[in-house]
Amino acid sequence: QVQLVESGGGLVQAGGSLRLSCAASGLTFSERSTAWFRQAPGKEREFVGVIAYRGESTIYADSVKGRFTISRDTAKNTMYLQMNSLKLEDTAVYYCAAEATLYTIGVREDDYDYWGQGTQVTVSS
């Protein structure tokens, strides 16, 4: 049974930082691309970034490029999202996701088959 669990969300002031974690069971992160998405109230879920299988490269949405960093600890089967210089527009529920297909890289919501429950990030002024 596949399970992804996000943690680390909370309330932070604009300009501050947070680190989110996504712990997985039932699948191996090292064999597939894993990604972060987010969804703000009244909006569609949007792509944030992905770390490729083998962890050799990352792709980020333009809105977070230069501020967010994705990393992965294969020994712990855990993915991280380091968020710096947070803005009010970053407020959303953040989800981690994993592809069922091995050795591919996706940037669309439909590319991903396994999802966590999400963790709330709220940025205040």
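Worth knowing before you read on, the calculation uses all heavy atoms, side chains too, and leaves out hydrogens, waters and symmetry mates. Quick note: residue numbers are just sequence positions, from 1.
The two residues Thr104 and Thr101 come nearest to each other via the heavy atoms OG1-O, 3.5 Å. Minimum interatomic distance between Ala40 and Thr91 (heavy atoms only, all atoms of both residues): CB-O, 3.7 Å. Residues Ala98 and Arg32 come closest through the heavy atom pair CB-CD, 4.1 Å. Scanning both residues, Leu20 and Trp36, for their nearest heavy atoms gives CB-CH2, 3.8 Å. Minimum heavy-atom separation, Ala52 to Ile105: CB-CD1, 3.7 Å.
Residue pairs meeting the salt bridge (Lys or Arg N to Asp or Glu O under 4.0 Å) criterion with at least one partner in residues 40-49, sequence neighbours excluded, are Arg38-Glu46. For residues 74-106, the ring pair (Phe, Tyr, Trp, His ring centres under 6.0 Å) pairs, not counting sequence neighbours, are Tyr53-Tyr103. Within the structure, every pair that satisfies the side chain to side chain donor-acceptor pair (under 3.5 Å) test and touches residues 4-21, not counting sequence neighbours, is listed here: Ser17-Asn84.
Among residues two or more places apart in sequence or in another chain, the ring-ring contact (aromatic ring centres under 6.0 Å, His included) test is passed with Phe37 by Phe47, Tyr112, Trp115. Shown here are the side-chain hydrogen bond (donor to acceptor under 3.5 Å, both in side chains) partners of Thr34, two or more places apart in sequence or in another chain: Arg72. With sequence neighbours left out, the side-chain hydrogen bond (donor to acceptor under 3.5 Å, both in side chains) criterion links Thr122 to Gln120.
A side-chain donor-acceptor contact under 3.5 Å links Thr119 to the backbone of Gly9. Although no hydrogens or angles enter the test, the distance criterion places no donor-acceptor pair under 3.5 Å between the side chain of Ser63 and the main chain of Ala61. Checked by atom type and distance alone, the side chain of Asp113 never pairs as donor or acceptor with a backbone atom of Glu99 at under 3.5 Å. Checked by atom type and distance alone, the side chain of Asn77 pairs as donor or acceptor with a backbone atom of Leu27 at under 3.5 Å.
Atom CG of Leu4 is separated from atom CE of Met79 by 8.0 Å, given to the nearest 0.5 angstrom. The CZ atom of Phe68 lies 13.5 Å from the OG1 atom of Thr58; values are rounded to the nearest 0.5 Å. Interatomic distance, Ser33 OG to Ile59 CD1, rounded to the nearest 0.5 Å: 8.0 Å.
Cluster membership check: Val5 does not share its hydrophobic cluster with Val2, using side-chain heavy-atom separations under 4.5 Å among Ile, Leu, Val, Met, Phe, Trp and Tyr.
When side chains are defined from C-beta on, Met83 counts as touching Leu81, because their heavy atoms get closer than 4.5 Å. Residues Ser124 and Leu11 meet the side-chain proximity criterion, which asks for heavy atoms closer than 4.5 Å. Residues Asp73 and Phe29 are not in side-chain contact: their nearest non-hydrogen atoms beyond the backbone lie 4.5 Å or more apart.
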